[in-house]
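The next block holds one structure in the form of structure tokens; read it before the comments.
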Amino acid sequence: MHFWDVACHKSRSSCSLSSRKKYCRSGLAMAPGSSVFKEVLESHLMSSDYEMGKAKSEAKSNSTSTKSSIGLSGKSGISSNNGVYELLGCPVCKNLMYPPIHQCPNGHTLCSHCKVEVHNICPSCHHDLGNIRCLALEKVAESLELPCRYQSLGCHDIFPYYTKLKHEQNCGFRPYNCPYAGSECSVMGDIPTLVAHLKDDHKVDMHDGCTFNHRYVKANPHEVENATWMLTVFNSFGRHFCLHFEAFQLGSAPVYMAFLRFMGDDNEAKKFSYSLEVGANGRKLIWQGIPRSIRDSHRKVRDSQDGLIIQRNLALYFSGGERQELKLRITGRIWREE
């Protein structure tokens, strides 16, 4: 039905949380007999002397080794012995809780998102949750410093509990989603991992060079209800670029679109530019732009119309003949901006 012909030329220590005794005296919005309040208080009393001694010992080591040791103990770098990290985990979704942290009259806690999901009923004791805030646990969280969740991928910074989440949403070491648009692929990883995945699992064509000559043929150009697409990866200037070409409905009008995505972050993508050209019979369309990072989903780029768009009637005109078969040749070039 269709084929492609591509030619390429070319820590600080966690003792700080124990030394803060304010939360033990406050008991704000916590049931005095609650299991959470007792566990936090007992954890503090039992570990205070130990943690103070541990702090003096660890203070002799350099900051680099301290940060490394933090990332190696417990879940996301906090030792599970003191139980504080476990207290901050939502029992429903298992994610870390951030304010507002809610609790039931019996002291069971959960995050604000799950409070809605469980219809305001405590999943542990089935009491009505009401609107009780666990202010003491929120105060405990303020004293914590945690490594980035992407520490194993190269991010070795340490963050206060309440800024960690914001950092991780934009961390430069966070994994990329698979750029393959033909399926809901759930694979994530760094760029070398994704390049190997595209080649081995999706059988994507890989080419070296910064220029290309792309030919698209379709016997029945009127079938665009289910988007027809193809992906090709180019290795140019030591970086990888994804060339997409597909047919879809833009409103009620069937169109064809080609665009380039950069396998890396947006700040790196802006160092490159590309052009696409299609035409025949004395007519020509030219598009020039900056490749979009694969941080932006395929659908987001497509729906923003950030690429070369060819109306079907014009595409058929470029194809020549009786306009019964689509024959488009798209040429392009990638270059580095100085």
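Position 1 is the first residue of the sequence, and the numbers go up from there.
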Report whether Tyr176 and Phe173 are members of the same hydrophobic cluster (ILVMFWY, side-chain heavy atoms less than 4.5 Å apart, transitive linking).
no

From Ser112 atom OG to Glu117 atom CD, the distance as rounded to the nearest 0.5 Å:
10.5 Å

Just by modelled atom types, is the His102 backbone N or O under 3.5 Å from a matching donor or acceptor in the Thr109 side chain?
no

Using a side-chain heavy atom cutoff under 4.5 Å and only I, L, V, M, F, W and Y, what cluster partners does Ile290 have?
none

With no hydrogens and no angle check, is any side-chain donor or acceptor of Glu138 less than 3.5 Å from a backbone partner on Ile101?
yes

Contact summary for Gln103 and Cys134, nearest pair of heavy atoms:
OE1-SG, 3.5 Å

Quick one: NE2 on His156 to SG on Cys148, what's the gap to the nearest 0.5 Å?
10.0 Å

Shortest non-hydrogen pair, Lys164 vs Pro147, comes out as CE-O, 3.0 Å

Does the side chain of Phe159 come within less than 4.5 Å of Leu165's, by heavy atoms?
no

Looking at CG of Asp205 and OG1 of Thr232, how far apart are the two atoms once the value is rounded to the nearest 0.5 Å?
5.5 Å

Do side-chain atoms of Asp266 reach the backbone of Arg295 as a donor and acceptor pair under 3.5 angstrom?
no

For a side chain to side chain donor-acceptor pair (under 3.5 Å) with His298, tell me which candidate from Glu246, Arg292, Arg261 qualifies.
Glu246

What do you reckon, is CG of Asn131 surrounded by more than 12 foreign heavy atoms closer than 6.0 Å?
no

Side-chain heavy atoms nearer than 4.5 Å, only ILVMFWY residues, links allowed to pass through others: does that put Tyr162 and Leu144 together?
yes

Determine the interplanar angle of the Phe259 and His244 rings, folded into 0 to 90°, and report it as parallel if under 30°, tilted if 30 to 60°, perpendicular if over 60°.
parallel

Donor-acceptor pair, side chain of Thr331 and main chain of Asn213, under 3.5 angstrom
no

Are Leu285 and Leu308 packed together at the side-chain level, in the sense that at least one heavy-atom pair is separated by less than 4.5 angstrom?
yes

Side-chain heavy atoms nearer than 4.5 Å, only ILVMFWY residues, links allowed to pass through others: does that put Trp287 and Trp335 together?
no

Which heavy atom in Cys178 sits nearest to a heavy atom in Leu198, and how many Å separate them?
SG-CD2, 4.0 Å

Please say yes or no: joined through hydrophobic side-chain contacts below 4.5 Å, possibly via intermediate residues, are Val301 and Ile334 part of one cluster?
yes

Write down the atom of Ile310, the atom of Leu328, and the distance for their closest heavy-atom approach.
CD1-CD1, 4.0 Å

Distance col, row Lys271:NZ vs Phe237:CZ, nearest 0.5 angstrom, shows 13.5 Å

Is Glu168 paired with Arg174 through a side-chain N to carboxylate O contact shorter than 4.0 Å?
no

Is there a side chain to side chain contact (heavy atoms under 4.5 Å, CB included) between Leu326 and Leu316? Walk through the geometry before answering.
CA-CA 6 Å; Leu326 185 73; Leu316 291 175; 4.2 Å; yes

Taking side chain as C-beta onward, heavy atoms only, is Val118 less than 4.5 Å from Leu129?
yes

With a 4.5 Å limit on heavy-atom distance, are the side chains of Leu110 and Pro91 in contact?
yes

Is there a side-chain contact between Ser124 and Cys104, using heavy atoms and a 4.5 Å cut-off?
no

Under a 4.5 Å side-chain heavy-atom rule over Ile, Leu, Val, Met, Phe, Trp and Tyr, are Tyr150 and Ile294 clustered together?
no

Rounded to the nearest 0.5 Å, what separation is found between the CG atom of Leu314 and the CD1 atom of Ile309?
12.5 Å

Testing the basics here: between Ser293 and Ala269, what is the closest heavy-atom pair and its distance to 0.1 Å?
N-CB, 4.3 Å

List the residues meeting ring-ring contact (aromatic ring centres under 6.0 Å, His included) with His197, not counting sequence neighbours, and say none if there are none.
His202

In sequence, state the C-alpha distance, the side-chain angles, and the governing distance for Leu260 and Leu276, and then conclude on side chain to side chain contact (heavy atoms under 4.5 Å, CB included).
CA-CA 9 Å; Leu260 200 70; Leu276 298 173; 6.0 Å; no

Nearest 0.5 Å please: distance from the OG atom of Ser186 over to the CG atom of Asn177.
9.5 Å

Is there side-chain contact between Phe272 and Arg239, with at least one heavy-atom pair below 4.5 Å?
yes

Phe245 vs Tyr256 aromatic rings, parallel, tilted or perpendicular, using cut-offs 30° and 60°?
parallel

Over all atoms of both residues, closest heavy-atom pair of Tyr274 and Gly307
OH-CA, 4.3 Å

